[in-house]
Amino acid sequence: MSRYKDYQLIEKLSNVVGNEVTLRGWVYNQRGKGKLQFIILRDGTGIAQCVVFRDNVTEEVFESAKRITQESSLSVTGVVRADERAPGGFEIDVTDLKIIQIAQDYPIAKKEHGDAFLMKHRHLWLRSSRQHAILRVRAAVIKAIRDFFDGSGFTLVDSPILTPNACEGTSTLFETKYFDLGSAYLSQSGQLYAEAGAFALGRVYTFGPTFRAELSSTRKHLTEFWMVEPEMAFFDLEDDMDLAEDFVEYIVQYVLKTCRKELEILERDTTKLENIKRPFYRMSYTDAVDWLVKNDIPIIKKIDNQDVEIRPFPWGEDFGTVQEEAFMEQFDKPCIIHHYPTEVKAFYMKRDESNPKVVCALDMLGPEKAGELIGGSQREDNFDLLLERIKAENLPEEAFEWYLDLRRYGSVPHSGFGLGVERTVKWITGAKHIRECIPMPRMIDRIYP
RNA sequence: UCCCGAGUAGCUCAGCUGGUUAGAGCACCUGACUGUUAAUCAGGGGGUCCACAGUUCAAGUCUGUGCUCGGGAGCCA
C-alpha cells in the first residue's frame with residue numbers, strides 16, 4: 001500500500017461505477033442551466049462531468065457550484081455513472097462539493113488564442129487538453145528511448161553539460177565564466193564523451209539537454225533541446241543504420257501502444273504511424289542528388305545578397321529544407337540518406353575507404369515534413385586521419401588530446417547517432433511547432449516563463 | 001543574421017481613398033432555464049488604437065525610427 005494519499009483518479013472511474021467517490025481537481029469548463037450545473041473536472045489523468053442538481057444537494061453546495069470559475073480547484077463527491085453524453089464518458093451525480101480555491105479571471109479562455117499570448121502563459125497553457133496530450137506522448141517517447149537501450153545491453157553514460165570547447169567546432173555556443181579556468185560552454189552534443197564511454201563499456205547512450213546558441217527561429221529549432229546519443233564499439237555504418245531503424249520503429253510503436261487516447265485528442269492519423277515499420281528507405285547522398293537533378297529541384301544560394309537558383313543541383317552541396325521536403329514527399333516512412341560529401345560534415349566522421357570524397361554519415365529524415373530526426377556516423381578511428389581533420393578545421397589540438405587518446409590506445413571501429421527528442425515528438429504528435437513539444441521551450445527571444 | 005507580415009477592450013479580430021461619439025464575437029458581472037458539450041437568450045461594465053517624432057485644418061488610418069510578436073531562410077537534432 002502506498003504511504004501517500006491515495007484518492008480516486010478520473011482515469012480509473014470505470015472500476016467504480018455505482019460507487020460514491022471523491023475527486024480532486026480543477027474546473028476545466030462549467031455550464032449553468034437553471035437548477036442544473038455541469039462542471040467538467042480535470043485531475044491530470046482525465047476529465048469527468050460532474051452534475052450538480054439543486055434538489056440533490058444543500059442550498060449551500062448549489063450556491064458554491066454556481067460560484068466556481070474556470071480552473072478553480074475543487075473536491076467533488078458523488079456517485080459515478082457511465083453516460084454517453086458526458087465528455088470523458090463518466091458522470092458524477094454530485095452530493096457534496098468543496099471549493100479549495102476560486103480562480104479569478106483565468107487568462108486562457110475557451111476561445112482561440114494567438115501563439116504569442118499562449119507562449120506568455122505557457123505555465124497555464126500546459127493545462128489544456130492538446131498540450132497535456134503532447135506532454136504525455138513526450139513522456140512515452142522518453143520511456144521508449146530508455147527501455148529500448150536498457151533492454152538491449154546499453155549502459156547509460158551521461159556526458160557533461162559544461163564543456164571546455166566546441167564539440168564540432170562549428171555551432172555557436174553559450175558561453176559562461178568558469179572559475180579561474182576561463183570560459184566554459186554549454187554542451188551542444190555529448191557524442192565525443194559517449195565515444196570514451198563506448199570504449200569503456202561497449203555500448204552506451206547519453207541522454208540529456210543540449211544547447212545551441214544559433215540565431216535560428218523556425219518551428220523545428222529550440223535553443224535548449226533533449227537529445228539521446230547511442231555510441232557503439234565495433235559498429236560500422238551498416239550496423240548504425242540498422243540500429244537507428246529499429247530504434248525509431250520501437251519508439252513509434254510504443255507510443256501507438258500506450259498513447260491511443262492522447263493521439264485521438266491530437267487528431268493524429270494513426271494509420272500513418274502504424275505504417276512505421278522496418279524496412280525504411282535508404283539512399284546514398286549521390287543517388288539523392290541524382291533524384292533532385294531528375295526532378296529539377298534547384299538549390300537557392302545567396303550571392304551578393306541576392307537569392308540565386310542554381311540548377312541542376314550541384315554534387316557537394318548540403319541539403320536544405322527545400323530539398324529535404326521535396327525529396328521526402330515520395331516516402332511514407334523515414335528515409336536514411338548516407339555517405340555525404342566530406343566537406344559538409346563534421347571532422348570526426350570516418351572517410352569512406354573506397355571514396356575519400358564521402359564520409360560514413362547518415363541522416364534520417366522523417367515523412368510528413370518531420371525533417372531531420374537523426375544525424376549520425378561511423379567515427380574516424382584512425383589516429384593520423386583524425387589529427388589531419390582536426391588541423392584542417394583549425395581546431396585547438398590540445399583540447400582534443402583526450403579524444404585522440406581514444407585512437408592511441410586500442411582504437412576500434414565505432415559508430416553512433418543522435419536523435420532529437422522534440423523533433424520526434426513533433427512528428428509523432430503532428431504538433432505544428434516544436435515549442436509545443438517541450439514543457440518550457442527556450443528559444444531566441446524567449447526565456448519566460 | 002537576412003527577407004516578409006502584424007501590433008486597436010482580458011482574448012481573437014474588423015475599422016474603406018485620413019473626417020468629428022471606437023466596433024463585433026468571446027471572456028467577466030446581473031438575470032432566465034433539468035441535459036449542457038466552446039450551451040443559449042436578455043442586460044451591463046470595460047480602450048494610453050505599441051512608443052516617439054513628423055505630414056495635415058484633422059491621424060487608429062499616411063511617413064520615418066525604435067520596440068515587441070508571428071512566418072520563412074540559413075544552421076542543425
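Keep in mind that the numbers below use all heavy atoms, side chains included, and drop hydrogens, waters and symmetry copies. By convention in this document, chain letters (A, B, ...) are assigned in the order of the sequence lines, proteins followed by strands, and residues within each chain are numbered from 1. From a predicted model like this one, the values you see are computed outputs, not experimental measurements.
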State whether A/D43 and A/R24 are salt-bridged, where the test is any N-O pair (Lys NZ or Arg NE/NH1/NH2 against Asp/Glu carboxylate O) under 4.0 Å. no

Which comes earlier along RNA chain B counting from the 5' end, the contact point of A/K120 or that of A/V344, where each point is its nearest nucleotide? A/K120

Looking across every strand, which nucleic acid part, if any, lies under 4.0 Å from A/D445 by heavy atom: base, sugar-phosphate, or nothing? sugar-phosphate

Proximity to the side chain of A/K33 - top-ranked nucleotide from B/rG35, B/rC76, B/rG70: B/rG35

B/rA73 P sits how many Å from A/H221 NE2, rounded? 10 Å

Partner nucleotide, any strand, of B/rU63 [Watson-Crick/G-U, under 3.5 Å]: B/rA53

Any strand: nucleotide that pairs with B/rU40 via Watson-Crick or wobble, under 3.5 Å: B/rA32

So, are A/K345 and A/D363 salt-bridged, with charged N and O less than 4.0 Å apart? yes

From B/rG71, B/rG35, B/rC76, pick the nucleotide closest to the side chain of A/H433? B/rG71

Using a heavy-atom cut-off of 4.0 Å across all strands, would you classify A/Q70 as base, sugar-phosphate, or nothing? nothing

Identify whether any heavy atom of A/T218 sits under 4.0 Å from a base atom; if not, whether one sits that close to sugar-phosphate; answer base, sugar-phosphate or nothing. base

To the nearest Å, how far apart are A/M119 CE and B/rG7 P? 22 Å

Considering every strand and a 4.0 Å limit on heavy-atom distances, what is the contact class for A/E91: base, sugar-phosphate, or nothing? base

Donor/acceptor link under 3.5 angstrom from A/R31 side chain onto base of B/rC33: no

Mind checking the C1' distance from B/rG43 to B/rU56? Whole angstroms is fine. 42 Å

Against the side chain of A/Q49, the closest entry in B/rC75, B/rG35, B/rC76 is B/rG35

Under 4.0 Å, counting only non-hydrogen atoms across every strand here, what does A/G32 touch: a base, just sugar-phosphate, or nothing? base

Taking the basic N atoms (NZ, or NE/NH1/NH2) and the acidic carboxylate oxygens, is any pair closer than 4.0 Å for A/E380 and A/R389? no

What nucleic acid atoms does A/L373 come within less than 4.0 Å of, heavy atoms only: base, sugar-phosphate, or nothing? sugar-phosphate

Can you measure A/D115 atom CG to B/rG72 atom P for me and round it to whole angstrom units? 10 Å

Side-chain donor-acceptor pair under 3.5 Å between A/Q49 and A/R85, yes or no? no

A/R85 has a side chain; which of B/rG35, B/rC69, B/rC76 sits nearest to it? B/rG35

Round to a whole Å and report the spacing from CD1 of A/I428 to P of B/rA77. 19 Å

Counting any heavy atom closer than 4.0 Å, what does A/F117 reach on the DNA or RNA strands: base, sugar-phosphate only, or nothing? sugar-phosphate

Given the C1' atoms of B/rU17 and B/rA24, what is the spacing between them in whole Å? 24 Å

Within the 4.5 Å heavy-atom criterion, are A/I251 and A/F148 side-chain neighbours or not? no

With heavy atoms under 4.0 Å as the rule, sort A/L222 into base, sugar-phosphate or nothing. base

Using whole Å, what does the distance between atom P of nucleotide B/rG35 and atom CG of A/N56 come to? 15 Å

Phosphate-side-chain proximity, A/T321 and B/rG74, N/O vs OP1/OP2 below 4.0 Å: yes

Write down the distance separating the P atoms in B/rC75 and B/rG25, rounded off to the nearest Å. 49 Å

Could you check whether A/P87 gets within reach of a base, just the sugar-phosphate, or nothing at all, counting any heavy atom under 4.0 Å? base

If you measure from the C1' atom in B/rA27 to the same atom in B/rU20, how many Å do you get, rounded? 32 Å

Which nucleotide, in any strand shown, forms a Watson-Crick or G-U wobble pair with B/rA77, with both distances under 3.5 Å? none

Does B/rG5 have a Watson-Crick or wobble partner in any strand here, with both distances under 3.5 angstrom, and which is it? B/rC69

Toward the 5' end of RNA chain B, by each residue's nearest nucleotide, A/I444 or A/M364: A/I444

If you measure from the C1' atom in B/rU1 to the same atom in B/rC26, how many Å do you get, rounded? 39 Å

Does the structure place the NZ or CZ of A/R54 under 6.0 Å from the centre of the six-membered ring of A/F62, at an angle of no more than 45° from the ring's axis? yes

Decide yes or no on side-chain hydrogen bond (donor to acceptor under 3.5 Å, both in side chains) for A/Q30 and A/Q70, but give the supporting numbers first. CA-CA 7 Å; A/Q30 181 218 16; A/Q70 195 186 356; over 6 Å; no

Using the C1' atom in both, what is the distance from B/rC13 to B/rA6, to the nearest Å? 12 Å

Determine, answering yes or no, if A/F38 is stacked on B/rG35 under the 5.5 Å centre rule and the 30° plane rule. no

When the C1' atoms of B/rG60 and B/rG44 are compared, how many Å lie between them, rounded to an integer? 26 Å

Base of B/rG35, side chain of A/Q37 - is there a donor-acceptor contact under 3.5 Å? no

In terms of heavy-atom contacts, A/A213 and A/L173 come closest through CB-C, 3.6 Å

Have a look at A/H121 and say if it touches a base, only the backbone sugar-phosphate, or nothing, with a 4.0 Å heavy-atom cut-off. nothing

A/W427 CH2 to B/rC76 P, straight-line distance once rounded to whole Å: 22 Å

Atom pair distance, as rounded to whole Å: CD in A/Q191 and C1' in B/rC76: 14 Å

For A/T218 and A/T321, what are the C-alpha separation, side-chain angles and deciding distance, and is it a side-chain contact (heavy atoms from CB on, under 4.5 Å)? CA-CA 11 Å; A/T218 79; A/T321 311; over 6 Å; no

Rounding to the closest angstrom, what is the interatomic distance between B/rG45 and B/rC29 at atom P? 16 Å

B/rG70 OP1/OP2 closer than 4.0 Å to side-chain N/O of A/R435: yes

Taking atom C1' of B/rA77 as reference, at what distance in whole Å does atom NZ of A/K426 sit? 12 Å

What is the nucleic acid contact for A/R81, judged by heavy atoms within less than 4.0 Å: base, sugar-phosphate only, or nothing? base

Using a heavy-atom cut-off of under 4.0 Å over every strand shown, decide if A/H113 touches base, sugar-phosphate, or nothing. sugar-phosphate

Please confirm whether the shortest side-chain N or O distance from A/R219 to OP1 or OP2 of B/rA73 is below 4.0 Å. no

